[in-house]
K.L.:
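Starting off with a structure, shown below.
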Protein chains: 2
Amino acid sequence: MKTADPELMRAINRLNVLDTIRRHGPISRIEISERTELSTTTVSAITASLLDDGLILPRHEGDIRNEAVRGRPRVALELNPDAARVVGGKIAANRMVFVVTNFRGDVLSKLALPIRIDRQPIGVIADLVEDGVRRCVVDAGLSLEDVDSICLGFPGVIEHRTGYIRSSPIFRDINVDFAAEMSTRLSTPTIVESDAHAITLGHHWFGKARDLEDMVLISLEQTLGLGVLHGNRLFRGAGGLSHNLGDLVLGMGPNGVMRLFSQAGESAILGEHQTDGRFAEAIRLGRGMTHAQALIKADDDRLIASAIRAGEAVGLTIANIVTLFAPPRVILVGSSLALGEPFLNSLRDAYALAIPPSLKGVSELVFDDSSDDFWAQGAAAVALYELYESPWSTTGPAL
Amino acid sequence: MKTADPELMRAINRLNVLDTIRRHGPISRIEISERTELSTTTVSAITASLLDDGLILPRHEGDIRNEAVRGRPRVALELNPDAARVVGGKIAANRMVFVVTNFRGDVLSKLALPIRIDRQPIGVIADLVEDGVRRCVVDAGLSLEDVDSICLGFPGVIEHRTGYIRSSPIFRDINVDFAAEMSTRLSTPTIVESDAHAITLGHHWFGKARDLEDMVLISLEQTLGLGVLHGNRLFRGAGGLSHNLGDLVLGMGPNGVMRLFSQAGESAILGEHQTDGRFAEAIRLGRGMTHAQALIKADDDRLIASAIRAGEAVGLTIANIVTLFAPPRVILVGSSLALGEPFLNSLRDAYALAIPPSLKGVSELVFDDSSDDFWAQGAAAVALYELYESPWSTTGPAL
DNA sequence: AATATTTATAACGGGTTACGAATTAAATAG
DNA sequence: CTATTTAATTCGTAACCCGTTATAAATATT
């Protein structure tokens with residue numbers, strides 16, 4: 001527990017001001033003062049300091065004058081895009097995507113590598129990631145020295161605080177200290193995070209949850225992930241662990257415990273078709289879901305049945321999550337959404353059936369089919385968040 | 001968001017000091033300084049202010065001298081027990097328990113009313129609660145004017161922030177503004193809280209989670225409740241809602257959705273025996289579980305089967321909760337624990353089976369069979385918690 | 001009894017913060 | 001060109017924490 005001294009006070013207000021500028025675009029000092037409830041004089045001092053540090057910039061040009069307002073015009077302040085550069089990455093079993101963004105989150109360059117890294121030795125994966133980061137940085141016309149921070153999003157159970165990847169489908173080993181490995185390789189601070197957490201923050205900053213401070217996101221990919229936004233912050237499990245929804249138990253089946261991933265995991269949905277040669281090939285190339293989509297359109301009965309079963313399982317799970325967190329919005333993302341109507345309809349139906357009557361209507365379901373870039377952009381947001389969030393977490397007494 | 005001014009700074013440090021005094025018993029100023037990492041001079045100023053406000057007291061008497069330590073002896077400071085009085089209550093379907101505690105949480109008087117209030121009109125319930133509170137206060141040798149705050153713990157879904165009881169098995173209606181009702185009746189600030197949340201805080205302050213800042217508690221009573229402690233504070237759902245574990249879906253059964261309460265709720269376990277006249281009578285009198293215990297000892301097959309089924313359902317649920325929150329400890333409380341070995345063993349087995357291998361060993365299961373007093377004491381802790389944060393404890397500038 | 005040791009408070013200066021009132025800056029209206 | 005209006009800054013005030021120093025208090029040691 002940090003002691004509350006003037007330094008902390010300043011840090012809090014600084015962050016508050018900086019965050020208001022980030023959220024509410026170009027904004028004048030008085031508007032900041034109104035939103036933060038800080039005095040104009042304090043805002044002036046803080047913005048001066050931020051300007052001095054090069055984190056924000058005045059905006060003379062546009063001058064969106066509200067016309068016919070007399071008096072000294074407000075000068076709008078906005079984030080200095082060039083105040084920092086970060087790399088965000090999404091590492092999946094058959095695809096890696098990187099983006100370089102500036103301080104504002106604008107994408108400067110992106111790079112997709114459709115490579116299967118599944119179960120490769122750690123060294124090989126690290127090689128590929130390193131290469132991808134370096135290439136993406138070069139593509140942005142930058143050098144690694146210009147990059148302040150890197151965040152990599154992985155599927156599986158990630159311990160954000162320590163940088164360990166506890167378990168992930170793309171690693172044979174468990175408890176891999178990947179953050180340290182990449183930090184030394186790239187000589188740039190690198191953090192790892194659950195891909196679900198990353199895109200959760202991405203949606204909070206850029207996507208479909210900009211207006212909310214509480215929200216739940218469920219990612220349906222090879223692994224089934226969960227991101228919880230609580231009071232504008234990512235809610236991490238005790239110890240900073242990320243959640244692995246796929247391990248949730250749905251009940252007892254004939255073969256013992258029945259877990260969610262055995263019903264709704266990517267491999268569970270597609271797995272039964274491995275006899276089909278072309279399909280197996282498509283899966284290996286990471287096109288499993290799009291190919292499945294085509295099959296469903298062609299009324300492939302077995303796949304449709306799988307999709308329906310998966311939708312039911314996910315619908316029930318979402319109802320349980322809503323029972324626990326009561327978020328105003330649930331965002332669903334991930335490749336499995338490509339299964340289309342059979343999946344989504346059964347998901348909706350199961351959710352409607354399973355949601356307790358008392359909670360009916362408190363949560364809206366939103367489906368989001370953003371591209372992989374957006375995941376990487378979310379990882380970049382995590383990196384940015386770390387860059388200027390540090391002091392705020394330590395406030396509040398330990399009651 | 002609150003603006004960070006010197007006043008907030010002082011309030012934070014004050015709370016920090018007050019909290020360390022509460023937690024670490026009689027404690028000297030330098031030890032406070034060490035623990036809080038505040039300077040001795042600041043600690044001196046703050047403790048002087050706390051002494052001035054009568055919230056803490058110096059302790060001359062005991063003087064547990066650490067033997068052969070020369071120099072001026074440390075004077076220990078401790079909470080002033082008489083700085084405040086609160087009432088905590090646990091309201092269940094067939095039993096109400098009240099305690100009056102002082103500022104330190106010591107129980108000054110307790111009162112148990114084994115009355116069935118189940119489904120009575122709101123006015124009747126309010127009458128009984130009012131009567132109980134008044135009698136308990138009198139028993140403590142006090143008058144209601146001496147009581148600073150009251151907290152009542154209810155089963156069901158409680159919206160702590162607004163004081164509304166969203167749904168509870170003891171109310172026919174939903175969305176009852178019970179806090180306001182009791183506040184006016186007793187002319188004392190009254191808050192309502194989920195009984196599970198109350199005993200969660202109780203365990204954090206007085207019970208089996210004093211050493212932890214993250215923890216999960218599961219209450220198995222008429223309703224199935226959940227309390228999550230996260231970073232030393234109660235984690236409430238978005239909107240301040242409490243959780244209702246019983247609504248969790250375990251899977252699809254023959255009759256549609258199968259919820260936890262239909263497997264592990266008190267009535268689900270005992271319900272099948274309503275044909276037995278004596279048993280039904282025992283249930284009506286709130287002795288259902290103890291009677292069930294006797295039946296189990298007598299090898300009542302049907303009841304044992306119910307208990308085993310309930311244990312399995314709860315075990316699976318706990319595994320899911322652990323998957324989501326990864327707490328170092330899970331505390332189980334509630335009347336259903338009285339079912340004994342058949343229930344507990346099947347619970348443990350199901351948990352062991354359902355916990356994901358990667359999380360094996362991160363959580364320890366602790367069973368707690370505290371009496372109803374402890375629940376009420378937990379409610380009192382909630383009331384005290386609120387008092388701590390209320391403005392009156394943060395008096396203005398220190399001279 | 002005198003001295004050493006440890007704890008607690010008081011007093012001062014230094015540094016930081018936020019805030020309110022007055023002041024300057026920059027534009028429009030007439 | 002002046003008056004008006006709004007935005008932003010400067011300046012002075014009060015509060016906070018911190019470090020140092022001095023002083024008082026209470027005990028152990030000599």
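Every heavy atom of this structure was used, including side-chain atoms; hydrogens, water molecules and symmetry mates were not.
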K.L.:
Which nucleotide in the list D:dA8, D:dC18, C:dA18 gets nearest to the side chain of B:T42?
P.N.:
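The nucleotide sitting nearest to the side chain is D:dC18.
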
K.L.:
Looking at the side chain of A:N13, which of D:dA8, D:dC18, C:dA18 is the nearest nucleotide?
P.N.:
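Minimum distance to the A:N13 side chain belongs to C:dA18.
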
K.L.:
For D:dT10, does the base pair up with any side-chain atom of A:T41 as donor and acceptor (N or O, under 3.5 Å, distance only)?
P.N.:
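By the distance-only test, yes, there is a pair.
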
K.L.:
Show your reasoning for whether side chain to side chain donor-acceptor pair (under 3.5 Å) applies to B:S49 and B:R14.
P.N.:
CA-CA 9 Å; B:S49 151; B:R14 251 181 90 103; 2.4 Å; yes

K.L.:
Considering only D:dC18, C:dC19, D:dA8, which nucleotide approaches the side chain of B:S39 most closely?
P.N.:
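Closest nucleotide among those given: D:dC18.
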
K.L.:
With the side chain of A:M9 defined as its heavy atoms from C-beta on, choose the nearest nucleotide among D:dG19, C:dA8, C:dT17.
P.N.:
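Minimum distance to the A:M9 side chain belongs to C:dT17.
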
K.L.:
Between B:R29 (CZ) and C:dT6 (C1'), how many Å, whole number?
P.N.:
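Nearest whole value for this atom pair: 14 Å.
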
K.L.:
Of the candidate nucleotides D:dA8, C:dA8, C:dC19, which contains the atom at the shortest distance from the side chain of B:S28?
P.N.:
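Taking heavy atoms from C-beta onward, the closest nucleotide is C:dA8.
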
K.L.:
Which nucleotide wins on minimum distance to the side chain of A:R10, given the candidates C:dA8, C:dA18, D:dA8?
P.N.:
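Output: C:dA18.
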
K.L.:
Please report the distance, rounded to the nearest Å, between CD in B:E34 and C1' in C:dA8.
P.N.:
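Between C1' of C:dA8 and CD of B:E34: 14 Å.
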
K.L.:
When the nearest nucleotide of DNA chain D is assigned to B:T40 and to B:I46 on a heavy-atom basis, which residue is associated with the more 5' position?
P.N.:
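Checking each residue's closest nucleotide, the 5'-ward one belongs to B:I46.
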
K.L.:
Would B:F325 and A:F325 count as a close aromatic pair, with their ring centres under 6.0 Å?
P.N.:
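Centroid distance B:F325-A:F325: below 6.0 Å, so yes.
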
K.L.:
Let me know the distance between CG of A:L77 and C1' of D:dA8, rounded to the nearest Å.
P.N.:
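Computing the A:L77:CG to D:dA8:C1' distance gives 11 Å.
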
K.L.:
Can you confirm whether the side chains of B:S39 and B:T42 place a donor and an acceptor under 3.5 Å from each other?
P.N.:
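Yes, because at least one side-chain N or O of B:S39 sits under 3.5 Å from a partner of the opposite role on B:T42.
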
K.L.:
Say whether B:E78 and B:H24, considering side chains only, have a donor N or O and an acceptor N or O under 3.5 Å apart.
P.N.:
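The answer is no; no qualifying pair exists.
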
K.L.:
Roughly, in whole Å, what's the span from CD1 in B:I12 to P in D:dC17?
P.N.:
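Taking CD1 of B:I12 and P of D:dC17, I get 11 Å after rounding.
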
K.L.:
CD1 of B:I30 versus C1' of D:dA26: gap in Å, rounded?
P.N.:
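Rounded to the whole Å, the gap is 14 Å.
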
K.L.:
Is any side-chain heavy atom of B:H203 closer than 4.5 Å to a side-chain heavy atom of B:M215?
P.N.:
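With C-beta onward as the side chain, the pair touches.
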
K.L.:
Starting at CG of B:L51 and ending at P of C:dA10, how long is that distance when rounded to a whole Å?
P.N.:
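Distance check: B:L51 CG to C:dA10 P gives 11 Å.
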
K.L.:
Rounded to whole angstroms, how far apart are CG on A:L8 and P on C:dA18?
P.N.:
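For the pair A:L8 CG and C:dA18 P, the rounded distance is 11 Å.
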
K.L.:
Tell me: CD1 of A:I32 to C1' of C:dC19, nearest whole Å?
P.N.:
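Roughly 17 Å, once rounded to whole Å.
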
